[in-house]
Structures are given as structure tokens and as C-alpha cells.
Student: 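Next up is a structure, given as C-alpha cells.
This is a predicted model, so every value here is computed, not measured.
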2 protein chains.
Amino acid sequence: MSLRNAVMAALLDGESSGYDLAKAFDASVANFWICTPQQLYRELDRMEADGLIAARTVEQERRPTKRLFSLTAQGHEELTRFTASPHKPTAIRDELLVAVLAADSGDVEAVKASIRERRQWAEAKIARYERLRAKLLGDRTEDEFLATAERVGPYLTLLRGLSFERDNVRWCARCLTVLERRGARLDTAG
Amino acid sequence: MSLRNAVMAALLDGESSGYDLAKAFDASVANFWICTPQQLYRELDRMEADGLIAARTVEQERRPTKRLFSLTAQGHEELTRFTASPHKPTAIRDELLVAVLAADSGDVEAVKASIRERRQWAEAKIARYERLRAKLLGDRTEDEFLATAERVGPYLTLLRGLSFERDNVRWCARCLTVLERRGARLDTAG
DNA sequence: CCCCTGTACTCAACTTGTTGACTAGGCGGA
DNA sequence: TCCGCCTAGTCAACAAGTTGAGTACAGGGG
């Protein structure tokens with residue numbers, strides 16, 4: 001039921017089409033939630049049926065007709081109720097972690113390659129988040145922004161995504177050091 | 001398909017019952033993967049059917065009969081293949097983040113309470129991870145452990161879980177500062 | 001002229017993950 | 001003696017997430 005709430009939170013920025021939401025998810029909410037377009041369209045249909053969002057069909061020249069969704073009063077209410085409800089903690093749930101857990105009796109070189117790849121990916125994400133951050137701040141300092149901006153939620157969640165990826169980079173580096181050192185030891189010992 | 005691999009990685013420590021695995025998951029693999037007992041039992045049945053694990057029924061005095069599972073050669077092979085395959089990056093997927101994203105137009109006080117609760121929970125997890133770490137290290141220093149231990153995977157994933165929760169604590173503190181400062185500002189302004 | 005990319009979706013099938021209830025015996029404390 | 005917790009599971013139903021293919025039109029490049 002949480003994709004639903006994430007969508008509603010995303011619609012706080014104004015009405016949006018399913019297609020745009022898919023891209024927006026990729027660009028901003030993706031800091032902490034990901035989903036496929038299919039999931040989004042299905043959920044949007046259900047949310048409309050449940051009266052949480054309203055659709056407005058917009059005919060376009062030279063482009064397919066699209067449907068713009070916006071939060072209804074009921075949707076707003078529901079979102080507020082959600083923010084007031086308790087939230088279960090989550091785990092990382094990352095395949096790479098499973099691979100590292102099993103690395104000792106698996107293909108260590110391949111795992112190291114995966115870690116390197118992940119580190120690069122995380123660095124790219126960090127760069128993207130930093131650009132997004134600069135865009136959000138505009139010419140304000142962080143303090144000015146936090147004091148004056150209408151919404152700080154997007155900024156705070158961006159910070160979480162940013163530190164998550166920074167942490168990933170550090171951990172990847174640490175793993176590589178450890179695994180390489182062990183590799184060297186095993187080579188000279190065996 | 002990744003729970004399957006997590007289970008196989010957990011079975012590297014030796015044979016285990018479904019019940020024990022559920023607890024072990026809670027205690028160690030939970031650093032980065034969580035699941036319910038039901039999921040585990042279902043997956044174990046499937047894995048047995050697929051020949052990845054073998055079950056041994058053990059009758060006990062004064063306790064229900066249990067089934068101990070262990071990795072088969074095929075399971076080992078499959079796990080190695082998994083470690084050598086590419087792994088998709090994941091997002092955090094945390095309800096609390098969704099709540100913070102929507103906090104500006106939701107129930108800010110309730111969100112703050114949720115953040116405080118989460119911070120406490122994360123601190124408890126950190127304490128638990130630290131105990132686990134001390135147990136893994138025994139009387140060795142970290143360097144000694146990393147050089148001599150048979151498996152470093154569990155230690156490395158433990159580090160990831162640890163730094164994830166430390167990051168959570170820091171972020172929670174940051175959010176609370178920001179939200180409280182804004183609350184004060186809005187009170188004096190409005 | 002054709003292919004590729006981008007917009008804006010839809011449908012179907014499947015795998016994963018969640019929730020709640022149920023069985024059944026032993027153990028310990030009030 | 002009864003209550004509730006611990007061990008060790010099972011069953012059913014549902015919600016959420018994934019994968020892959022298909023539709024349709026428009027613009028741009030070679």
C-alpha cells in the first residue's frame with residue numbers, strides 16, 4: 001500500500017501524467033522508492049477508482065492524448081492519515097549483499113567485479129543527487145532554503161538517498177580492500 | 001529469486017531447520033534481508049523440490065520433530081553461479097521516507113514522533129550489531145580476523161547493516177532538527 | 001524511405017512478499 | 001491446574017512487484 005502513498009506524495013508537486021510520474025519517480029522519489037511504469041499505471045487506475053486522485057484527459061497536438069492526475073481532497077486526507085500512522089522499519093534487501101555474504105565459497109573475482117560496478121553506479125547516482133540538490137537550493141544557502149522553502153520533504157529525502165549512496169561507495173571500497181588483501185594472502189599462502 | 005540465494009548463503013554455516021533459519025535471518029541475514037517464517041517454509045519446500053537443499057528429519061525428545069536442511073552439491077553450484085551473476089542496485093523503499101516526503105502537508109508532529117521512534121529502533125539495532133561483531137571477532141583484532149577467518153562475508157555484510165543504521169540515526173536527527181526549527185519559525189511567524 | 005527514438009500508454013502472466021489463522025505438545029510460573 | 005510462551009511447523013488468501021510484449025503516432029537522421 002505504500003506505492004500509493006508515494007504517488008500521492010509525488011502529486012503534491014502538482015498534477016502529472018502516468019508517464020511523467022514514471023520519469024519523476026526515476027528522478028526524485030527514486031531516492032527511496034522504485035517501481036516500473038506498469039506498476040504505476042495499475043496503481044493510478046486503482047487510486048482513481050478509490051477516489052484518491054482525479055484524472056483530466058488532455059488532447060495534444062502531435063502527441064498522444066494523456067491523462068493528468070491530481071490529488072483529490074480525499075487523497076489529501078488519506079495522505080495525511082498515512083503520515084500520522086506508524087511506519088515499519090525496513091532492511092536493505094540488496095542482492096549484492098547476498099553475493100558478498102556467499103563470496104567466500106563463490107566466485108570471489110566476479111563478486112569483486114560486481115562491487116566495482118556498484119561503486120561506479122553509486123557514484124553516478126551521487127552526482128545526479130548533487131545536481132538535484134543544487135537545483136532545489138537555487139541561489140539560497142541550505143539554511144535559507146530550509147527556513148523559507150514551502151516544502152522540505154523532498155530535500156530531506158534527497159539527503160537520505162545521497163547519504164545512502166555515499167555509504168554504499170565507502171562500503172564497496174572497504175569490501176574491495178578486504179577481499180583483495182585476502183586474495184593476496186591466499187595466493188602467497190597456497 | 002533472491003530469498004533463495006540468501007537462504008543458501010545462510011546454509012553455508014551448516015544445516016539448519018526452517019525455524020532456526022527464521023531466527024538466524026532475524027539475527028544475521030536481517031542486516032540486509034528480511035522475510036516472514038511463512039515465506040521461508042514455502043521457499044524451503046521449493047528449494048528441496050529443485051534439489052538445491054536436502055532435508056533430514058530429526059525426531060526429538062520433548063520437542064516436535066524438525067527437518068534439518070543442508071546445501072546439496074547442486075545448491076552450492078547454483079550459489080556460486082549466483083555470486084558470479086550481475087546484481088541490480090536497489091533503493092531504500094522505506095515508508096518513513098514517504099511520510100517525510102509528504103510531511104509538509106501532513107501531520108508534522110506525528111511524522112516527528114515516527115522519526116524519533118525509528119531513531120530509537122535503529123540505535124537498538126546498532127547495539128545488537130555491535131554485540132554480534134564482538135562475538136564474530138572473539139579476541140582477535142579486526143585485521144587478524146579479516147586475515148585468518150574462514151569466511152569474511154558475514155562480517156562484511158554486518159558492517160553494511162551497521163553503517164546503514166548509523167546513517168539512519170544521523171538522518172533522523174537531522175530531520176528532527178530541521179522540522180523543529182521550522183515548527184518554531186512557523187509558530188512565531190503565524 | 002526507413003529506422004530509431006520519444007511519448008503515452010495497455011494487457012497478461014508470473015513471482016514475491018504479507019497477513020492471519022491453525023495445530024500440537026512441553027515447560028514454567030501463579 | 002490453568003495460562004501463556006516456546007518450538008516447529010502448515011494452510012489459504014491476498015497484495016505488491018516484475019517481466020515481456022504490444023499499440024500508436026510523430027519527428028529526425030541517414
Side-chain angles (χ1 to χ4, degrees), chain A residues 1-8 15-27 29-30 32-50 53 55-69 82 86-95 98, chain B residues 1-7 15-27 29-30 32-50 53 55-69 82 85-95 98:
Chain A
M1 282 315 224
S2 226
L3 173 57
R4 180 168 280 232
N5 299 299
V7 168
M8 288 194 281
E15 63 178 8
S16 174
S17 69
Y19 188 82
D20 287 336
L21 271 175
K23 280 191 303 175
F25 252 63
D26 201 41
V29 187
F32 59 91
W33 210 276
I34 45 170
C35 71
T36 56
Q38 288 71 14
Q39 233 181 305
L40 217 38
Y41 286 122
R42 188 179 44 174
E43 196 61 35
L44 285 169
D45 284 347
R46 286 185 198 157
M47 289 169 75
E48 197 191 357
D50 292 349
I53 55 177
R56 185 166 71 88
T57 302
V58 176
E59 313 253 340
Q60 300 176 106
E61 283 176 46
R62 302 157 207 284
R63 260 155 220 289
T65 297
K66 63 180 174 183
R67 295 209 303 151
L68 291 180
F69 297 95
F82 168 76
H87 308 289
K88 280 165 291 176
T90 48
I92 299 179
R93 256 177 210 260
D94 189 336
E95 284 195 1
V98 179
Chain B
M1 278 323 220
S2 227
L3 173 57
R4 183 166 278 233
N5 298 298
V7 168
E15 63 177 8
S16 175
S17 69
Y19 188 80
D20 287 337
L21 272 175
K23 279 190 304 176
F25 253 64
D26 200 41
V29 186
F32 59 92
W33 210 277
I34 45 169
C35 70
T36 57
Q38 286 72 15
Q39 230 181 309
L40 217 39
Y41 286 123
R42 187 177 47 175
E43 195 62 36
L44 284 168
D45 284 347
R46 285 184 198 157
M47 289 169 74
E48 197 191 356
D50 292 349
I53 57 177
R56 186 167 70 89
T57 302
V58 176
E59 312 252 341
Q60 299 175 107
E61 285 176 45
R62 301 160 207 282
R63 259 156 221 288
T65 298
K66 64 180 174 182
R67 296 208 304 151
L68 290 179
F69 297 95
F82 168 75
S85 67
H87 309 289
K88 280 165 292 177
T90 48
I92 299 179
R93 253 174 213 262
D94 189 336
E95 285 195 1
V98 179

Student: So which of R4(A), E48(A), Q38(A) actually passes side-chain contact (heavy atoms from CB on, under 4.5 Å) with E43(A)?
Tutor: R4(A)
Student: Considering only side-chain heavy atoms of R63(B), which listed nucleotide, dG20(D), dT7(D), dC9(C), is closest?
Tutor: dT7(D)
Student: Given side chains that start at C-beta, do those of F82(A) and V98(B) come closer than 4.5 Å, heavy atoms only?
Tutor: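 F82(A) vs V98(B): side chains touch.
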Student: Rounding to an integer number of Å, can you tell me how far I34(B) CD1 sits from dT18(C) P?
Tutor: 6 Å
Student: Quick one: on DNA chain D, does D20(B) or Q38(B) contact a more 5' nucleotide (nearest heavy atom)?
Tutor: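 Its nearest nucleotide lies further toward 5', so the answer is D20(B).
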Student: Any donor-acceptor pair under 3.5 Å joining the side chain of Q39(B) to the base of dT18(C)?
Tutor: no
Student: With a cut-off of less than 4.0 Å, is there a side-chain N or O of R42(B) near OP1 or OP2 of dG17(C)?
Tutor: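 The answer is no; no side-chain N or O of R42(B) sits under 4.0 Å from OP1 or OP2.
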Student: Can you check the Y41(B) OH to dC22(C) P distance for me, whole Å?
Tutor: 19 Å
Student: May I have the distance from D94(A) (atom CG) to dT16(C) (atom P), rounded to whole angstrom?
Tutor: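 Spelled out: CG on D94(A) to P on dT16(C) is 17 Å.
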Student: For a quick test of reading the model: is some side-chain N or O of S17(B) closer than 4.0 Å to OP1 or OP2 of dG9(D)?
Tutor: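 For dG9(D), OP1 or OP2 has a side-chain N or O of S17(B) closer than 4.0 Å.
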Student: By nearest heavy atom, map G18(A) and K88(A) onto DNA chain C; which one lands nearer the 5' end?
Tutor: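 Its nearest nucleotide lies further toward 5', so the answer is G18(A).
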Student: Under a 4.5 Å cut-off applied to non-hydrogen side-chain atoms, are S85(B) and H87(B) in contact?
Tutor: yes
Student: Go through the steps to decide whether R67(A) and L44(A) satisfy the test side-chain contact (heavy atoms from CB on, under 4.5 Å), and finish with yes or no.
Tutor: CA-CA 11 Å; R67(A) 295 209 303 151; L44(A) 285 169; over 6 Å; no
Student: Round to a whole Å and report the spacing from CG of D45(A) to P of dA8(C).
Tutor: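 It works out to 17 Å between those atoms.
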Student: Flag the pair E15(B) / R56(B) as yes when at least one side-chain heavy-atom distance between them is below 4.5 Å, and no otherwise.
Tutor: yes
Student: OP1 or OP2 of dC9(C) versus the side-chain N and O atoms of Y19(A): is any pair under 4.0 Å?
Tutor: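 Checking dC9(C) against Y19(A), no side-chain N or O comes under 4.0 Å of OP1 or OP2.
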Student: What is the separation between atom CD on E59(B) and atom C1' on dG25(C), rounded to the nearest whole Å?
Tutor: 14 Å
Student: Describe the nucleic acid contact of Q60(A) in one word from base, sugar-phosphate, nothing, applying a heavy-atom distance below 4.0 Å.
Tutor: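 Q60(A): backbone/sugar contact only, no base atoms under 4.0 Å.
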Student: Hey, is the side chain of K66(B) poking within less than 4.0 Å of OP1 or OP2 on dT10(D), counting only N and O atoms?
Tutor: no
Student: In whole angstrom, what separates R46(B)'s CZ from dT10(D)'s P?
Tutor: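 One finds 14 Å between P of dT10(D) and CZ of R46(B), rounded.
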Student: What nucleotide, of dT18(D), dG20(D), dC11(D), holds the atom closest to the side chain of T36(A)?
Tutor: dT18(D)
Student: Nearest whole Å is fine: how far is dA8(D) P from L44(B) CG?
Tutor: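 Distance, rounded to whole Å: 14 Å.
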Student: How many whole angstroms separate atom CD of E43(A) from atom P of dT18(D)?
Tutor: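 Atom-to-atom, E43(A) to dT18(D), this comes out as 13 Å.
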